[in-house]
Structure formats: structure tokens, C-alpha cells
Amino acid sequence: MLIVAGLPTVSTNTPLPDLSDDVCARLREAFRRTGYDADGVVDALGGAAHAALGRGEPEPARRASLDAGDLGVFIRLFLLGLAEPEKTVSSAFAPLSADDAVAAGILRTVGDEFRAALDIRPHGDEDGSWWVVSDLDADMLGHVVPEDHVLGVGHASLSLIRATSRRPVGTLLDLGTGNGVQALHATRHAQRVTATDVSARALALAAGTFRLNELEVELLRGEWFAPVARRRFDQIVCNPPFVVGPPRVDYTYRDSGLAGDDASALVVRQLPSFLNDGGTGQLLASWLHRRGEDWGDRVARWLPPETDAWFVQRDVADPGLYVGTWLRDEGIDPRSPEGRAKAAAWLDWFTENDVQGIGFGFVTLRRANGQTPTVVCEDLRQAYDDPLGPEAANWLDRVEWLRTHGDNVLDVAFRVPDTVLLERVDSPGDEGWETTVRRLHRTDGPGWQHEVDELTTRLLAGCRGALPLSDLLDLLSAAQGLDSHELTAAALAIVRELVRHGMLVPGSPQ
């Protein structure tokens, strides 16, 4: 059952499709009969052609699809944007007729042939496959997309999917659902999912996504958190319109109408009040790098009291590169008169506001009522393969452990996990090779690195889970002739940082 509230009857820039229960049921039957799912497409195309399609090289996929029967028709229509004759369309879509598919807004006629009017494609995870409904992109349309364009599953969506914790929760809010892909993944671990959007078209397409996949999701229309006023959730995910620049709305999927990074600031500032105690939020965000201002100080000021926060900066873009990227995103050539004029206004705004760069990354929040919050801003621009979602959940666990134990960490026997390595950089000296750099490197998760001194490496060498930290510090201070109180004070700060990064694992108190 799909719960839909607040869907409008007013017209939008483009007609809303009629993705009714009946239409979706017949379309789903056709997809299942032909094997149009994530695995089926890969099997039909083969690894090489599927990889070529991902690189934007469609011809190998077209050739492979010719041997795939009805499945090949769906591949050519929805994945390649090609036209098909009525005979092949009727065969592939049965029991949904070609005329009904056109009437529903799924297909459009071009002469005697049919083309896709919507982007409907498989999207899978390790547990199965769904279908996601979105609008055709500019390449498929052959022109610039309209303002209410509903984006498909892009890199930003996939990044947030990987950065979201999947621990079981009772209630989850997908704020700004778009095509509904975040809510799809949420149904794997949340008992009840609510999805909101300001765009009527986005909600209509998301409703189609959920109906196709036979999922129960509550859909609400409105700006930001207004549709869920006075409600709280165990988890909130949000891929907001985070494009930074002048206050304008060219496309609802990316532009908020707020100036600069105010959209990201709004979500960070308001999200915790819609969480249950201990509830968590994950979102994508952008922030300005302004002359004379630390980016970490800037984003930390957005936070309400009693909120744990982990800001992870994944990239920093030069203003010129940033503007060019988003102009191409909307199908505008930066060299055209329109592109040059738009770029000039955008860059003028950056100059007037002392913007030297635009940061982008992930934010993890937790409502920590009655507790002293932990706020950490980290630059993690290095490449890593592990998804950030499990690490974000573990980071919050470690923050809570440190908060609970305080200075009692001295009574804990720590060990260095097997995934942490010590790298040494030696340089030639008068008496042979001399170690100039000692670096701890965690080989899993985000690949944290910490440069440490010789005393720290000796302390960590003893962290094998046998002796409490206090004993190790006493032994080290005696061996080095150091003041034990000074050594302990210095060590505690390092130990807490390594625990927070999963590079020291606490054992049981001795």
C-alpha cells in the first residue's frame, strides 16, 4: 500500500504521468517476465558492453541487446534512448498495451515508432533489485531539461546511499526524496518510511517508483521540514538542493532559492529537532570556503546545542571549475553567450562574498539531549573504497563510549586492530638510516592516517589487550625517565583520537 498526502491537482511545467496501481502492476509483470532487473541487464549485455554503457559508450550495449528478445526492447528504450516499432513494444510491454503506456506517460510516439517518455531503470543492492522512475536527461531529450526535472540515480545519490547507516530503525524520513531512491534503500532497515518533496512531479514519480516495487511509503508535499511539523523520527536522510551560489532556482532538484550554503545550513540547523533522542541523520552538504575563515568553524556554527556531529569533507572545488560543472549539468555550453553570461553572474557573486572554494561532503548528526556534544570536522579527500555508512555508525558508537568513560580509559586494556599498520619513512644520516616519519595507517574504513612520535609507537606496541593503559604509561615513563603525570596527560589526548578513529579498540576494564 502507498500512502500519499498533499499531492497537488495544479498543473506543473510538464504533464504528470499516470502511474496508477493498475498501470504499475501490468508494467511490473512485463519487467518480471522479461527479466528487466539489475542482474538481467548485466547478463544480457555482458560485462564489457555493460561497462561501456556506464562510460557513455552505447553501441556495444545496443549490439548485445539485439539478441536479448523482449528484454532487449526495454534496454534500448530506457537505457539507450532508442526508438522501437509497435510490434516489439507490444510484445515487450504485454500485458500493458503500447497505447496505455503512452496514455500513462511512460512512452511517447515519434512517427510510427515509440520512445521512452520516462527513465525507468533497474537499481540494485546486495539483497535484490528495484526499478527507479525519473525523467529523461538532456542527452535523451535532446534539449535542456525543464525546471521541475526529476533527476535519476546519480553520483550524489549513490554517495549518500553508501554514507547512510543501515542499522534497524523504527521510523525514517527521506527529506527531499526526488525519485525515491533513498527511501527504497531505507525500506531495507526501517519499519516505516516517510518521504517528502516540494516538487509535485518528484512526488508523482516517486509514487510510481514505490508502486512498481510494491512498497509502502508515506509521501508528503511541502518545503523542507514543514510537512512533518511536530513529528520525530529515528533516522533522517537528506540529499538537499545543495548547489552554492546566488539565490535563484533554475532546477528544483539542485537549487534551493537560498543564497550561498544556506540550504545546507538550514538542514543541519533544523534536522536534530525532528529526531528522537539518540536518533541520527545523514545528509550531503556544501559549504563555502571564505577568505580568512576556517571551513570547520563555519559549519560548526550551524549546529544546534546537544548535537553530535561529524562533518566529512570529500572535495573542495575551485569556483571556476564549480560553475563550469553545473553549467554543463544543465546542458549549457560554458562557451556559449548564455553560458558566459550565467558564469559571469555566478563568479561575480563568489567574488563579492570572498569565496575561494566550495567544499562538499557528508554530515552525520545525532540528537544527544542532556550530554556534552562531540563535533568533529575532518578533511578526508583521499580515495577509499569502503562505504562510509557503517563507519559513521561506528564513529557514533566510539564517541558515545568515550563520553561514557571519560578519564576511566586509563583502566582499559586497548589493542591495535590488525587493520592498522605502522609505516616508517627513513632517510640517510651520519649514522645510517634514521626514521623521520612514523605514520599509523588504518587500511579499512576511510583510511585514516596519523603521524606519531617514537614514544607513541612504543606505547602502541604494548597495546595488545593484556595490560590497562595506566600500567603501560607507568612502564613507559619509568623506561624513558619521564614525568608520569605529564606523559599521561599527553597520551590521553592521542588515545582518544585513535579510539575515535577505530585505530585503538577498547577491551574490558581490568
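Computed from heavy atoms alone, side chains included, the values below leave out hydrogens, waters and symmetry copies.
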Query raised in the report: Do Asp453 and Thr456 have a side chain donor and acceptor closer than 3.5 Å?
Result: yes
Report summary line: residues 389-398 vs side chain to side chain donor-acceptor pair (under 3.5 Å), sequence neighbours excluded, gives Arg167-Asn394, Arg167-Asp397, Glu391-Arg398, Glu391-Arg442
Requested in this report: Identify the two heavy atoms, one from Ile358 and one from Pro319, that lie closest to each other, and give their separation to 0.1 Å.
Outcome: CD1-CA, 3.9 Å
Query raised in the report: If we only count heavy atoms from C-beta on, is the Leu118 to Leu136 side-chain gap below 4.5 Å?
Result: no
**Report entry** Over all atoms of both residues, closest heavy-atom pair of Ala343 and Leu327
**Finding:** CB-CD1, 3.9 Å
Query raised in the report: Is any side-chain heavy atom of Leu422 less than 4.5 Å from a side-chain heavy atom of Leu440?
Result: yes
**Report entry** Minimum side-chain heavy-atom gap Thr194-Arg231 below 4.5 Å
**Finding:** yes
Report task. Determine the minimum heavy-atom distance between Asp197 and Ser199, stating which atoms define it. Result -> OD1-N, 2.9 Å
**Report entry** Check: His501/Glu378 side-chain N/O donor and acceptor closer than 3.5 Å
**Finding:** yes
Requested in this report: Applying side chain to side chain contact (heavy atoms under 4.5 Å, CB included), run through Val228 and Phe233 and close with a yes or a no.
Outcome: CA-CA 10 Å; Val228 292; Phe233 301 85; 3.8 Å; yes
Report task. Indicate the ring-plane relationship of Trp287 and Phe311, choosing parallel, tilted or perpendicular according to the 30° and 60° boundaries. Result -> perpendicular
Query raised in the report: Is the number of heavy atoms from other residues, nucleotides or ligands within 6.0 Å of CZ (Arg335) greater than 12?
Result: no
Query raised in the report: Taking it one step at a time, do Asp174 and Thr177 satisfy side-chain hydrogen bond (donor to acceptor under 3.5 Å, both in side chains)?
Result: CA-CA 6 Å; Asp174 176 14; Thr177 192; 2.6 Å; yes
Query - Sub-4.5 Å side-chain heavy-atom contact between Leu365 and Leu303 - result: yes
Query raised in the report: Would Glu454 and Arg458 satisfy salt bridge (Lys or Arg N to Asp or Glu O under 4.0 Å), going step by step from the backbone distance to the final call?
Result: CA-CA 6 Å; Glu454 184 178 359; Arg458 293 188 178 187; 2.8 Å; yes
Query raised in the report: Are side-chain N/O atoms of Asp426 and Thr435 paired as donor and acceptor at under 3.5 Å?
Result: yes
**Report entry** Pair Phe242-Phe360, ring-ring contact (aromatic ring centres under 6.0 Å, His included): steps then yes or no
**Finding:** CA-CA 9 Å; Phe242 54 72; Phe360 171 83; 5.3 Å; yes
Query raised in the report: With side chains defined as the heavy atoms from C-beta onward, is the minimum distance between Leu175 and Phe274 less than 4.5 Å?
Result: no
Query raised in the report: What do you reckon, is CD of Gln449 surrounded by more than 12 foreign heavy atoms closer than 6.0 Å?
Result: yes
Query raised in the report: Only one of Arg166, His123, Arg162 clears side-chain hydrogen bond (donor to acceptor under 3.5 Å, both in side chains) with His185; which?
Result: His123
Requested in this report: For the pair Glu216 and Arg192, find out whether any cationic side-chain nitrogen is under 4.0 Å from an anionic carboxylate oxygen.
Outcome: no
Query raised in the report: Of all heavy-atom pairs between Asn213 and Trp131, which one has the smallest distance, and what is that distance?
Result: ND2-O, 2.8 Å
Query raised in the report: Side chains of Leu473 and Leu459: does their closest heavy-atom pair fall under 4.5 Å?
Result: yes
Query raised in the report: Knowing that exactly one of Arg367, Arg403, Arg500 qualifies, which makes a salt bridge (Lys or Arg N to Asp or Glu O under 4.0 Å) with Asp308?
Result: Arg403
Query raised in the report: How many angstroms lie between OG1 in Thr280 and CD1 in Ile236, if you round to the nearest 0.5 Å?
Result: 9.0 Å
Query - Crowding at CD, Glu223 (>12 non-hydrogen neighbours, <6.0 Å) - result: no
**Report entry** Geometric class of the Trp401/His405 ring pair [parallel <30°, tilted 30-60°, perpendicular >60°]
**Finding:** parallel
**Report entry** SB check Arg424 Glu434 (cutoff 4.0 Å)
**Finding:** no
Report task. Applying side-chain hydrogen bond (donor to acceptor under 3.5 Å, both in side chains), run through His441 and Glu423 and close with a yes or a no. Result -> CA-CA 7 Å; His441 179 205; Glu423 303 172 341; 3.2 Å; yes
Report task. Answer yes when Arg121 and Asp119 have at least one side-chain N-carboxylate O distance shorter than 4.0 Å, and no when they do not. Result -> yes
Report task. For the pair Cys463 and Leu504, evaluate side chain to side chain contact (heavy atoms under 4.5 Å, CB included) and give the outcome as yes or no after the intermediate values. Result -> CA-CA 8 Å; Cys463 292; Leu504 268 182; 4.0 Å; yes
Query - Derivation and outcome, salt bridge (Lys or Arg N to Asp or Glu O under 4.0 Å), residues Arg314 and Asp379 - result: CA-CA 7 Å; Arg314 291 295 286 139; Asp379 198 316; over 6 Å; no
Query raised in the report: Is it true that Asp261 and Arg298 have a side-chain N and a carboxylate O under 4.0 angstrom from each other?
Result: yes
Query raised in the report: Any idea which heavy atoms bring Phe210 and Gly180 closest together, and the distance?
Result: CE2-O, 3.6 Å
Report task. Compare all side-chain heavy atoms of His450 with those of Arg439 and state whether any distance is below 4.5 angstrom. Result -> no
Requested in this report: Answer yes or no: does atom CZ of Arg248 have more than 12 heavy-atom neighbours from other residues, nucleotides or ligands under 6.0 Å?
Outcome: no
Query raised in the report: Is it the case that more than 12 heavy atoms not belonging to Asp418 sit under 6.0 Å from its CG atom?
Result: no
Report summary line: Heavy atoms of Val267 and Pro240 approach each other most closely as CG2-CB, 4.2 Å
